[in-house]
Q: 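So that we are looking at the same thing, I have put the structure below in structure tokens.
Every value quoted in this text rests on a predicted model; they were computed, and no experiment measured them. Quick note on labels: first sequence line is chain A, next is B, and so on, each numbered from 1.
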Amino acid sequence: MKKWKKLLIVVQLLSLVLLSGCWSRRELEERIAVISVGIDAVKENGKKVYKVSIQIPIPVQIAGGGGGGGGGGDAVKVVSAQGETVAKAFSDIQKKLNQVLFMGHTRIIAISEEVAEDGVLDIVDGFRRDPAIRRLLWLLIVEGKAEDLLNSKPKIEQIPTVYIMSLIQNGARTGAIPDVTLGDFFVSISNKSLQPMANRMKLHEDDVYWSGLSLFDHGKMVGNLTDEESWILVQLRDEQPGGHFQVFTGNEENKENIVVSPTQVETKTKLEVKDGKVKAHYHVYMQANILEKNMPEHLDNVKTLAKLRKLAEKHLEHEAEQLINSLQTKQKVDVLRLGSKVKAFHYKEWQKMDWKQAFQDAEITVSYEVQFRRTGMQLN
Amino acid sequence: MGKQLADKRPISSRQAMSIVSSTILGVGVLTLPRVVASEAHEAGWIAILCGAFATSIVMIIVTKLGLRFPHLNFIETCSHVLGRDKGKSNKLGKLLSYPIIIILIAYYLVVAASISRTFGEVVVTAVLKETPLEVIIGTMLLTSLYLVKFDIDVLARLNELLLPLIVIPILLIALLSFQSFQLEFILPVWPGLSLSGFLKGVLLTMFAYQGYELILIFSNRIQIIKKSLWFNILGIIIPSVIYLLIVIAGISVFGDEELAILMWPTLEIIKVTEVPGMILERLESLFLGVWVAAVFTTTANFFYAITLLTQQVFGRGKRIWYGLGFTPIIFWLSLQPQNIIALFDFQQYIGYAGLTLGALIPAFLLIMAFIRKKGSSTGPLATKGPSAKEKSTAIQQE
């Protein structure tokens, strides 16, 4: 019996060592966290190759760099390498680093416009296969070079990635920036009734800003939407308010206008399919506030507000018409999610039609109903 | 065996329910949304319901068989049904039941192997990337072996204890992921499927439902009450509800086309699920940590059933020694599929086999018992006093 007890103690001690779950543990400082990835195209010996850049935080600069603040160097380092494929470039990056790369903290994948126009399917494939990559990170298309986005110095945050990330995140929360993550991009690629889109970033000197959306047709970028077009799109598509807009109240010359801020949007879609032709009507009900008035007329009576309302509705309807027209004729992609609605509610017809063509032939109309709720702290 | 039976604690109905539920809930839930979406598309949730319905019918057969022979273990049931009447030596019955038992043992071995392999695969891909697959499978099997040492009531209590730990996290995840529910993805209700395609989808869900038939092996120890059948059915309803929620969540978040190409769809669902407040992210590692319990109850129950059956066949020996013998076999079997795709193909066949064996054997035995008028046709409650009473008196006598 005593022997057994001794053996038991040995087994217990052994299991402490063997079963601690630390088979291949790696301490935090033993790996390099990638926080953003940038992908550009460059020419190498006349051949087009990818240039992959990663941004990695420097822990010492962030943790110990406090106090004075300005004393230390950069809080991040950007490392890049070239390769025919993204995976190859990553392994070249690894050669330059002393610790193992860890992708689990990646927040942004930035792709330059040039690469996006050639197609992103091969790039995305690797990210899909990596279990560490999360679906909720932001896929951004950069006007210019993606590397420059990683090198940008917003100064407000120590880490540029955190700055850009919160810029998009806060925008998405208020509804001013479309909430399209990498996961949404994946889903739209594999789903026949959807077409992918991604947020677009622009650089100007030290500033980074959101400049609209990039639209894709099966992995290839086919066009862009400006910020204002994107807002109309999110109003139709996601019932998000979008951003402020200006409504001209007088004639073209005197530039009288009001600035309106939508606060709440509800969208109803009426869908009709007849003989393979899709008829869709969007009715957008919008609640809005007036932010600024640049005209002599006073706002203190209901009639004026009603007049302005009509003007705002007209303005929005016109914008929406133009957007849909451009989607149908220029980019030829259905980012309105109309296809999935047709699939969901008119499946029999959906099966028969070629949606890409059917979307271009579809009759899509939009009507707005704007209600001004508040005009601010000033009565007139 | 009869004597042994009397002086051991019976399994309560609730424990029986837990055994059914936690055996069913295992690795199936990790791949189920993909499997269903690839065949039944938007109607995946209907396939799950049909699967649950079919499984419940088999469960009724299994329970009825158990109720007919309340004091006989599985091999005794087999030989009693197939062999001559009582009083005479029953060599014929035993001889006839051996093939059934051997097939069952072989099937259980393969299932236990495929479950531990699948779990090993998901852990290696998602969490412990550098840990050898063999170690994960090995530790799982050794833990199961440890359980084999104990009596059935320990197994029953373990299942009862672990069930909430298994059900609550997956239920939470399924419900939380409904935040990103998209109606368009789950419609149309019936996406113009051919009936054969849909039935294939239903058949494929059977891999996720298998494990319910184990209750047959333990049935002679289960306390019989009026609601025994109901508890067993409830044991199937619990995993069905979870499956239903997770499949609806998967389809409504990803759409069936995306879902069909995800290797581990449930992990992806967890990945995109945001806990309100954003305190916790990347829950998939945490989930897999908890899910060890679910996989353990499945592997361990199968392992236990294997050793119990062997012990009953030989009529002697300690289960732990049989377990020690079977461990390397299961280990070897689990390493047979060359890659994950081969494993998934393999699972599909296991699912089909499970449906056939799990349903046909009990149905065959029940029909034979009915034809040959063996056992109590009205159930044990109507004839003699319930076994619980008997068992308690037996304990007192001792």
Q: Got a second to check how far B/E257's CD is from A/L194's CG, nearest 0.5 Å?
A: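 Spacing of CD (B/E257) from CG (A/L194) equals 8.0 Å.
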
Q: Nearest heavy-atom pair of A/A344 and B/E184: which atoms, and what distance?
A: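 Taking every non-hydrogen atom into account, CB-O, 3.6 Å.
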
Q: Does atom CD of B/Q338 have more than 12 heavy-atom neighbours, drawn from other residues, nucleotides or ligands, at distances under 6.0 Å?
A: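 Count not over threshold, so no.
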
Q: For a side chain to side chain contact (heavy atoms under 4.5 Å, CB included) check, start with the C-alpha distance between B/L262 and A/R128, then their side-chain angles and the critical distance, and finish with the verdict.
A: CA-CA 9 Å; B/L262 297 174; A/R128 283 198 74 127; 3.5 Å; yes

Q: Checking A/R129 against chain B: side chain, backbone, both or neither under 4.5 Å from a heavy atom?
A: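 For A/R129, no heavy atom lies under 4.5 Å from chain B.
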
Q: Report which part of B/I186 has an atom under 4.5 Å of a heavy atom belonging to chain A: side chain, backbone, both, or neither.
A: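 Neither part.
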
Q: Tell me the closest heavy-atom pair linking B/A126 and A/P131, and the distance in Å.
A: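 Here B/A126 and A/P131 meet closest at CA-CB, 4.4 Å.
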
Q: Against chain B, label A/K348 side chain, backbone, both or neither, depending on which of its atoms sit under 4.5 Å from a heavy atom there.
A: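 Neither part.
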
Q: Provide the closest heavy-atom pair for A/F186 versus B/E258 in the form atom of the first, atom of the second, distance.
A: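 Looking at all heavy atoms of both residues, the closest pair is O-OE1, 3.2 Å.
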
Q: Looking only at heavy atoms, what is the nearest atom pair of A/L136 and B/V272, with distance?
A: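 Taking every non-hydrogen atom into account, CD1-O, 3.9 Å.
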
Q: NE2 of A/H218: more than 12 outside heavy atoms within 6.0 angstrom?
A: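 Not more than 12 within 6.0 Å, no.
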
Q: Is it the case that over 12 heavy atoms from other parts of the model lie below 6.0 angstrom from the OH atom of B/Y146?
A: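 Result for OH/B/Y146: open.
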
Q: Where is the tightest heavy-atom contact between A/N191 and B/F254, given as atom of each residue plus distance?
A: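 Looking at all heavy atoms of both residues, the shortest contact is ND2-O, 4.4 Å.
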
Q: Taking all non-hydrogen atoms of both residues, which atom of A/K343 and which atom of B/P188 are closest, and how far apart?
A: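 Looks like O-CD, 3.4 Å.
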
Q: Chain B heavy atoms under 4.5 Å from A/I189: which part of the residue, side chain, backbone, both or neither?
A: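 Neither the backbone nor the side chain of A/I189 comes within 4.5 Å of chain B.
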
Q: Would you mind checking which part of A/I133 comes under 4.5 Å of any heavy atom in chain B, side chain (CB onward), backbone (N, CA, C, O), both or neither?
A: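 It is the backbone, since no side chain atom gets that close.
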
Q: What distance separates A/R135 CZ from B/I269 CD1, expressed to the nearest 0.5 Å?
A: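 The CD1 atom of B/I269 is 10.0 Å from CZ of A/R135, to the nearest 0.5 Å.
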
Q: Are there over 12 heavy-atom neighbours, none belonging to A/K277, within less than 6.0 Å of that residue's NZ?
A: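 Check passes, neighbour count above 12.
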
